[in-house]
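Here's the structure, in structure tokens; my notes come after.
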Protein chains: 4
Amino acid sequence: MAVRTHGGMGMPAVTPDESAESSVPRRLLAVATRLFAEKGFDRTSVQEIVDAANVTKGAMYHYFDSKDDLLAEIYARVLRLQMSRLAEIARQDGPVAERVRRAAADVVVSTIDNLDDATISFRSLHQLSPAKQREVRDERRRYHELFRSLITEGQERGVFTDRVPADIVVDFYFGSVHHLSTWYHPEGALSPQQIGDHYADLLLTALQSA
Amino acid sequence: MAVRTHGGMGMPAVTPDESAESSVPRRLLAVATRLFAEKGFDRTSVQEIVDAANVTKGAMYHYFDSKDDLLAEIYARVLRLQMSRLAEIARQDGPVAERVRRAAADVVVSTIDNLDDATISFRSLHQLSPAKQREVRDERRRYHELFRSLITEGQERGVFTDRVPADIVVDFYFGSVHHLSTWYHPEGALSPQQIGDHYADLLLTALQSA
Amino acid sequence: MAVRTHGGMGMPAVTPDESAESSVPRRLLAVATRLFAEKGFDRTSVQEIVDAANVTKGAMYHYFDSKDDLLAEIYARVLRLQMSRLAEIARQDGPVAERVRRAAADVVVSTIDNLDDATISFRSLHQLSPAKQREVRDERRRYHELFRSLITEGQERGVFTDRVPADIVVDFYFGSVHHLSTWYHPEGALSPQQIGDHYADLLLTALQSA
Amino acid sequence: MAVRTHGGMGMPAVTPDESAESSVPRRLLAVATRLFAEKGFDRTSVQEIVDAANVTKGAMYHYFDSKDDLLAEIYARVLRLQMSRLAEIARQDGPVAERVRRAAADVVVSTIDNLDDATISFRSLHQLSPAKQREVRDERRRYHELFRSLITEGQERGVFTDRVPADIVVDFYFGSVHHLSTWYHPEGALSPQQIGDHYADLLLTALQSA
DNA sequence: AATGAATGAGTTTTCATTCAT
DNA sequence: AATGAATGAAAACTCATTCAT
């Protein structure tokens, strides 16, 4: 964990804020997220980040241990968010197919809502320290396992085919989702929700065939 | 364009060769592909590349204009290869569903066969110069269009659903394929061909539902 | 503009100071001036400069954007100095011939006083970036124009011949002055002031003939 | 001396020839002269020279010992030329003032005719090896001495003032001449001959005053 | 809580020259 | 007479991080 002196890092990810009113660490994370997504982690210098956030280097190193730490925070935030959304949907009532459809569409919408995070997270894992890479992988695995448990439940109930292993289904689907950041464009013909529905449709149809 | 003076760059990508007998540019490309995949483009220094290829820096700059150029050659090679395989399958006879299934499985197998290329190509596009990025995107678009034309053909013949736009189907599927490099492991339970068959199964089932 | 953060760059050019007590940017400029004059801009490495100034490369790049920037500062300083001296003399009272004589002798003395600057400035203009070359040329043109206006005044008052265009006179004279750096030697028989008087004599005599 | 295998290096400077028909060393010297004047010696790479001359590096190193050698040849050529022109004028008949006027105007015209040589020679001396620098300085001194002997002759005959030492006069005048390359432009209002006449006028008037 | 000067190891790239052919 | 691959030393510049204040 990076932030040393400042309590409320649990700031809502729904209001990333680069403006001057926002707190310094918040602003740094918002700015770093944008810059890492635009230019890549290694191509973004600490100087650029602090300039864009309108703080000094000293201030940045007061709140974060290192540039790596900034990246780790970004990963932590997005994983936390995705996990909580999936957990929320998984624990709802209703037929498993319905829950999978909802989860599948939701992860698309929330990925598009945080497209910079998605860009970073599928491209920059190897730039994290090995220890933090492991943490991220572990959390991601937990996430995949939760999703997979839904698939498995459907297969066991006989509403999903079991021709394809649940593992493969999960990797197949999240590959599609992660790659949204390489082609999605806000000016495109389809809304995030429509794309989410199409993706969920493709997944569900594949699983529900006789 | 990278290689300046010597002929015969059309070396078979199936035998990347880092050994001393191989020609200097060949060795450099093989070594660079491995290192870029392992550590990322920006984290790999030219010094490491030339040391691993057992040549001097001067020799490298004799054959390649820049480190970027090395990356561009890697992209060019993989795009060329994938395009020719898809074109070969697309022009075969047989029902469209069969051709799509073959293409879908084949791209999985060939991606796994060249996993380093896949790792690089989905992670390093932004490290290319803008001009070269455009070239890569253009070639990739042509590739997607060829695949999409197969989907469209199936939709027009009524063998594929048209609930989901062909564009979305293509991005959906290639997302899955590109992400193979993040999870595939040779020691895994399934062979590349089996994974390809499962992926093709998921795609075809999704498309062929009534 | 070179120096980024610290104040007071208006240090007196009459006391170039390479000693350790002097401020870092001051020392760098003093050392660079000496080395550029001795060996030429391109033959002087940044490493040599920082070694001679007893600072690290990082420190130098903290204060100056580039090696070019160092050169540009040297140019800016000498131009500023020369312009202020000429302006001072031009605005004095007395017959125009007297003012021209004073200016002509003074520029010789001040060129000799800053011989390294003179060496650099007549040899290194092309090593500046095009934008900075233009700035230097513009400032130099303003300088020449001020001098020329004195010549023109003398011609209009009838105390100087107008057989030769004032432009030519100015270029003729400043050519002589700039070349002092190629032959002047402190051990020579004549003092700077004596040389200045001879130069002014040659100029004035040429202009005052009937 | 640089050229190893090829006799007639005494090619006329009046026909610098970069065209393909010209001999290889001739072409190299012509091209190098242009490039050194345009971009400076250190900024011009051997590769650029051989590319522009349409030969290979091997060919260049066949004819010249080094890049330095190319520069030395350029110096040698221009000094030889200037010396022969001055000697020719000095040995003519007629009043000394007339000979000085002719020499003074002629050096201006011939400098303008070979402006690239002038640019190089006043800017690049320090890029020559010490040994070759000495040779150039010696030859230049001989040249100055010949010119000075004309001045002295005039002073002894009482047609020139001796208020100003002949040495100073010579340096004064050749400073003006060498600087032609910094301001002369073919599109300017005055022809080379007119400029030469003005320069000679300024010199002679300064010397002939009572 | 914050500054910003300073570090020093690292980066990519250039280039005159050599040499086997 | 000419080639062009290869060398190896040196170049300018970057940057994450530290630390005295």
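Lettering of chains follows the sequences in order, A, B, ..., and the numbering in each one begins at 1.
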(request) Check step by step if side-chain contact (heavy atoms from CB on, under 4.5 Å) holds for E38(D) and T119(D). (result) CA-CA 9 Å; E38(D) 275 171 18; T119(D) 303; over 6 Å; no
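- Taking atom CD on Q127(B) and atom C1' on dT12(E), their separation rounds to 15 Å, with Å as the unit.
- In this structure, CZ of R43(C) is placed 17 Å from C1' of dA12(F), rounded to the nearest angstrom.
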(message) Generate the contact string for nucleotides 16-21 of chain E. Rules: B means base contact, S means sugar-phosphate contact only, - means no protein heavy atom under 4.0 Å.
(response) BBB---
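- Between Y63(C) and dG4(E), a side-chain N or O to OP1/OP2 separation shorter than 4.0 Å is absent.
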(message) Set out, in order, the CA-CA distance, both residues' side-chain angles and the distance that settles side chain to side chain donor-acceptor pair (under 3.5 Å) for H126(C) and R43(D), then state yes or no.
(response) CA-CA 10 Å; H126(C) 68 293; R43(D) 314 282 249 230; over 6 Å; no
(message) Only Watson-Crick and G-U wobble pairs with both distances less than 3.5 Å should count. Give DNA chain E in dot-bracket notation, marking inter-strand partners with |.
(response) .||||||||||||||||||||
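- Across all strands, V24(C) comes closer than 4.0 Å only to sugar-phosphate atoms, never to a base (heavy-atom distances).
- Scanning for side-chain hydrogen bond (donor to acceptor under 3.5 Å, both in side chains) contacts around S124(A) gives Q127(A), with sequence neighbours left out.
- Residues forming a side-chain hydrogen bond (donor to acceptor under 3.5 Å, both in side chains) with R134(B) (at least two apart in sequence, or on another chain): none.
- A heavy-atom distance below 4.5 Å is found between the side chains of Q47(D) and V50(D).
- OP1 and OP2 of dA2(E) both lie 4.0 Å or more from every side-chain N or O belonging to H62(A).
- Nucleotide dT12(E) holds its P atom 14 Å from the CG atom of L28(B), rounded to whole Å.
- For the pair F64(B) CZ and dT14(E) P, the computed distance is 15 Å after rounding to whole Å.
- Annotation: salt bridge (Lys or Arg N to Asp or Glu O under 4.0 Å) contacts involving residues 46-55 of chain A, sequence neighbours excluded, comprise K39(A)-E48(A).
- The separation between D51(C) atom CG and dA11(F) atom P is 11 Å, rounded to whole Å.
- With rounding to whole Å, L71(C) atom CG is found 13 Å from dA12(F) atom P.
- In this view, T44(C) satisfies the side-chain hydrogen bond (donor to acceptor under 3.5 Å, both in side chains) rule with no residue, not counting sequence neighbours.
- Taking atom NZ of K39(D) as the reference point, atom C1' of dC15(E) lies 13 Å away to the nearest angstrom.
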(message) For R34(A) and V31(A): C-alpha separation, side-chain torsions, deciding distance, then whether side-chain contact (heavy atoms from CB on, under 4.5 Å) applies.
(response) CA-CA 5 Å; R34(A) 177 168 57 79; V31(A) 157; 4.3 Å; yes
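- Taking every heavy atom of both residues into account, R123(A) and F36(A) meet most closely at NH1-O, 3.3 Å.
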